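All values reported here derive from a predicted model rather than from experimental measurement.
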Amino acid sequence: MHAPGTSPAHGLDEERQAADSLLELLKQEQAVLVKADVDGLIRLTEEKAKLAARMSQLAKRRHQALGAAGFEASESGMQAWLASPGASAADNTAWHELLAAMQSAKELNRVNGLLIGQHMTRNQSALNVLQGNTQGGPIYGPDGQATTRIGSRRLVVG
């Protein structure tokens, strides 16, 4: 067995808990994106940034332990360490659970990105209409009055 704090597997449980928290935040983010709840999105974005920083610290600590054990400070180094006599079956299980959680988080983040893209497209379309960058239809001027385009000039109606 390895001494606590010196093994590359030492913080895997903590990393897994952080990954589970990230998954939960991404699910919440998806719900607020569907509802178009901007305030909720801002709150979750702040939480997500703090959690991402924590996860980065944990990964850095794992990479340092890998380097100290004579392995490459990367995910491939972790795979090599797990194949070594110093790793246990529990270490392998914890690592694979962490990888699975991170893969799920990656997919949720991808879907959330698509939802954000849809919101941005919808908002840009609305701005284009308000700014008169559309083909046909009424256009509103800076004073809020409807205008009609005639050639390259605007005529205020109403």
Side-chain angles (χ1 to χ4, degrees), residues 4-5 7-66 72-79 81-82 90-150 152-158:
S7 166
H10 172 68
L12 286 179
D13 288 338
E14 194 175 356
E15 282 190 77
R16 173 61 196 268
Q17 290 171 355
D20 288 343
S21 295
L22 179 62
L23 280 169
E24 185 56 38
L25 281 175
L26 289 168
K27 289 174 186 175
Q28 291 175 26
E29 181 181 62
Q30 194 168 86
V32 299
L33 284 167
V34 168
K35 293 177 188 175
D37 176 7
V38 175
D39 292 332
L41 187 60
I42 291 169
R43 180 184 53 81
L44 289 173
T45 300
E46 291 169 359
E47 288 181 48
K48 205 167 62 166
K50 289 176 188 173
L51 186 57
R54 178 68 182 140
M55 292 176 76
S56 179
Q57 289 173 336
L58 292 169
K60 182 178 179 182
R61 184 174 70 186
R62 178 172 32 83
H63 288 166
Q64 289 171 339
L66 281 166
E72 184 180 329
S74 66
E75 276 56 36
S76 61
M78 187 67 177
Q79 291 290 80
W81 179 80
L82 288 168
D91 295 337
N92 272 287
T93 299
W95 175 249
H96 290 290
E97 288 175 354
L98 174 61
L99 290 178
M102 292 309 297
Q103 183 61 39
S104 295
K106 182 179 178 179
E107 177 59 17
L108 271 172
N109 196 53
R110 184 190 70 77
V111 170
N112 289 358
L114 292 173
L115 289 170
I116 290 168
Q118 288 176 344
H119 283 295
M120 289 177 62
T121 299
R122 202 169 24 253
N123 289 344
Q124 187 60 54
S125 294
L127 283 172
N128 287 342
V129 167
L130 292 172
Q131 293 174 342
N133 300 331
T134 62
Q135 299 293 330
I139 299 168
Y140 298 92
D143 61 357
Q145 296 294 315
T147 61
T148 304
R149 285 189 186 239
I150 300 177
S152 62
R153 296 181 164 204
R154 291 185 180 175
L155 174 66
V156 175
V157 178

Between [X] and [Y], which heavy-atom pair has the shortest distance, and what is it?
X	Y	answer
Leu98	Ala19	CD1-CB, 3.9 Å
Leu66	Ala73	CB-CA, 4.3 Å
Leu51	Ala18	CD2-O, 3.6 Å
Asp13	Ala94	OD1-CB, 4.4 Å
Ala105	Leu26	O-CD1, 3.3 Å

Going by heavy atoms in the side chains, are [X] and [Y] under 4.5 Å from each other?
X	Y	value
Leu41	Glu29	yes
Met120	Gln124	no
Arg62	Trp81	no
Met78	Leu12	yes
Glu75	Trp95	yes

Rounded to the nearest 0.5 Å, what's the gap from [atom1] on [X] to [atom2] on [Y]? Could you check?
X	Y	atom1	atom2	result
Arg110	Leu115	CZ	CG	10.0 Å
Asp20	Glu97	CG	CD	9.0 Å
Lys48	Leu22	NZ	CG	7.5 Å
Glu107	Asn112	CD	CG	10.0 Å
Leu108	Gln103	CG	CD	10.5 Å
Asn92	Leu82	CG	CG	4.5 Å

Residues 52-59 side chain polar contacts: donor-acceptor under 3.5 Å, at least two apart:
residue, atom, partner, partner atom, Å
Arg54, NH1, Gln57, OE1, 3.2
Arg54, NH2, Glu14, OE2, 2.1

| query | salt bridge (charged side-chain N to carboxylate O under 4.0 Å, His left out) between Lys50 and Glu46: does it pass, once the steps are laid out? | reply | CA-CA 6 Å; Lys50 289 176 188 173; Glu46 291 169 359; 6.0 Å; no
